[in-house]
Amino acid sequence: MSVPDLMTVVEIAAPGGPEQLKPVKRAVPKPGNQEVLVRVAAAGVNRPDVMQRQGRYPPPAGASDLPGLEVAGEIIALGAGVSGLAIGDQVTALLAGGGYAEYAVAAAPLCLPVPNGISMVEAAAIPETFFTVWTNLFDRGRCKAGDNVLVHGGTSGIGTTAIQLAVAWGARVFATAGSEDKARACERLGAARGINYRTEDFVEVIRAATAGAGIDVTLDMVAGSYVARNLEIAALEGRVVTISLLGGSRAEVNMGVILTKRLTLTGSTLRSRTVAQKAEVAEAVRKNVWPLLAAGRVRPVIHATFPLAEAGEAHRLMETSNHIGKIVLTV
Ligand SMILES: NC(=O)c1ccc[n+]([C@@H]2O[C@H](COP(=O)([O-])OP(=O)(O)OC[C@H]3O[C@@H](n4cnc5c(N)ncnc54)[C@H](OP(=O)(O)O)[C@@H]3O)[C@@H](O)[C@H]2O)c1
């Protein structure tokens, strides 16, 4: 297939609201060493894209200035030194940016085959959330069968993934969300109990439901006022993993609780890691999660799709927080 010189992309014209996402023409990028060019069929939308648009999450050095951390599509060109991938392969890829476009360059080690039975829209919704959940809940958080797991933001793209993976692992999952409907949606995904944090105190609910044992692993995107409560409800040897700061970055911590319960407080971001570090996550996800996707035991939850040119509408929807699961752009 011939590669055109120009493509439509959606760029951030200036930091600001969703109206700053504008379709424009740009040169189709060329794949470099160990990179491939993907003709994008669908691109996932993630909360970090919203933060980037607002000017609060600049792309790492060397990354595209375009938003978009994940795409699915067909490989149409190979850079130097690529092995194990071929033109025509259908892949889903984790990007450091550049996904809101008709064509995107991806690092070869961060391309995974589209699993059997998974559509391009679903495939585009996988890398950012599944890689993030894997490296935080399982790698850092050491989630294992029989654990009590707490997922905050249970209906987010990250949350819907974390609930399903933890349940598939044999954990008992509690999930918080901002409405009754969303709490029930968490339960439909396998959570033992969805907690509407607007009407219920998650510490009280979990203390009662676990007969005081508490939570082994918490995946937290809120921080702020949740930090002390996460520690309060943590089990002996519990792990609390912070992946975002939606509720604020500052918290007062009672170090005595960490000592007496032998807790681990940790956290991470995915985007700033090197390709080699992300490739390790990709390998672990391919080994541990791809069989679950192929078997239909876990599946990305798609809330809505928008054409690429309507990326601004997709961001508006995300900022309402009314969605359950992922929002995806189609090309
Ligand atoms: N560390 C990493 O590597 C990494 C990677 C990807 C994403 N993330 C982070 O993980 C979080 C989820 O990402 P996503 O793409 O899955 O997002 P998303 O689908 O937009 O979900 C975010 C959810 O967080 C909840 N929330 C709680 N407090 C909030 C607040 N103060 N403002 C806005 N929302 C709030 C909202 O649900 P309720 O209304 O039900 O509370 C909202 O639906 C984001 O914060 C993102 O930055 C981190």
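All ligand and atom numbering here is 1-based and tracks the order in the structure.
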Report the nearest protein non-hydrogen atom to atom 23 (C) of ligand 1: residue, atom name, distance rounded to 0.1 Å. S156 CB, 3.8 Å
Below 4.0 Å, non-hydrogen atoms only: which portion of H323 touches ligand 1? Side chain, backbone, both or neither. side chain
Would you mind listing which atoms of ligand 1 come within a distance below 4.0 Å of any non-hydrogen atom of Y197? 38 (P), 39 (O), 41 (O)
State if G153 counts as touching ligand 1 under the rule of any non-hydrogen atom under 4.0 Å. no
Does this structure show an ion pair linking R53 with E319, if we count only N-O contacts that are shorter than 4.0 Å? yes
Applying a heavy-atom cut-off of 4.0 Å, say which part of S268 lies close to ligand 1: side chain, backbone, both or neither. backbone
For ligand 1, which atoms sit closer than 4.0 Å to a heavy atom of T269? 1 (N), 2 (C), 3 (O)
Under 4.0 Å from a heavy atom of K182: which atoms of ligand 1 are those, numbered in the order shown and with their elements? 37 (O), 38 (P), 39 (O), 40 (O)
Give a yes or no on whether a salt bridge exists between R316 and E313, defined as a side-chain N under 4.0 angstrom from a carboxylate O. yes
Cluster check L165, L150: I/L/V/M/F/W/Y, side chain < 4.5 angstrom: yes
Under 3.5 Å side-chain donor-acceptor pair for N230 and H152: yes
Ignoring hydrogens and angles, state whether a donor on the side chain of T8 or K25 is under 3.5 Å from an acceptor on the partner side chain. yes
Between M221 and ligand 1, find which residue part has any heavy-atom pair under 4.0 Å and reply side chain, backbone, both or neither. side chain
Could you tell me which atoms of ligand 1, counted from 1 in the order shown, lie closer than 4.0 angstrom to a heavy atom of L270? 2 (C), 3 (O)
Whether K326 lies under 4.0 Å from ligand 1, heavy atom: no
Among side-chain atoms of T266 and R140, is any donor-acceptor pair under 3.5 angstrom? yes
Ligand 1 to N46, heavy atom cutoff 4.0 Å, flagged ligand atoms 15 (O)
Between S244 and ligand 1, which residue portion shows a heavy-atom distance shorter than 4.0 Å: side chain, backbone, both, or neither? side chain
For E70, run the side-chain hydrogen bond (donor to acceptor under 3.5 Å, both in side chains) check against N46, T129, T92 and tell me which one passes. N46
Could you tell me if any non-hydrogen atom of E319 lies under 4.0 Å from any atom of ligand 1? no
Atoms of ligand 1 under 4.0 Å from any heavy atom of E128, numbered from 1 in the order shown, are 5 (C), 6 (C)
Heavy-atom distances under 4.0 Å are what count here, so tell me which part of R271 touches ligand 1: side chain, backbone, both or neither. neither
For atom 8 (N) of ligand 1, what is the closest protein heavy atom, and at what distance to 0.1 Å? I243 O, 4.1 Å
Have D49 and Y57 got a donor and an acceptor in their side chains that come within less than 3.5 Å? no
If you measure from the Lys or Arg side-chain nitrogens to the Asp or Glu carboxylate oxygens, is any gap between D216 and K144 under 4.0 Å? no
Near T132 (heavy-atom distance under 4.0 Å), the atoms of ligand 1 are 2 (C), 3 (O), 4 (C), 5 (C), 6 (C)
The option among L246, N136, T320 carrying the non-hydrogen atom nearest to atom 26 (N) of ligand 1 is L246
L317, I158, N322: member with heavy atom nearest to atom 16 (O) of ligand 1: I158
Which heavy atom of the protein is the closest neighbour of atom 17 (O) of ligand 1, given with residue, atom name and distance? R47 CB, 3.3 Å
Centroid-centroid under 6.0 Å between W134 and W169 rings: yes
Please check if any side-chain donor atom of Q52 sits under 3.5 Å from a side-chain acceptor atom of R271, or the reverse. yes
R299 with E122: basic N within carboxylate O range, under 4.0 Å: yes
Under a 4.0 Å threshold between the charged nitrogen and the carboxylate oxygen, would E180 count as salt-bridged to R198? no
Taking the minimum heavy-atom distance to atom 36 (C) of ligand 1, which of A177, S321, G325 ranks first? S321
Using a 4.0 Å cut-off to any heavy atom of M51, which atoms of ligand 1 qualify? 47 (O)
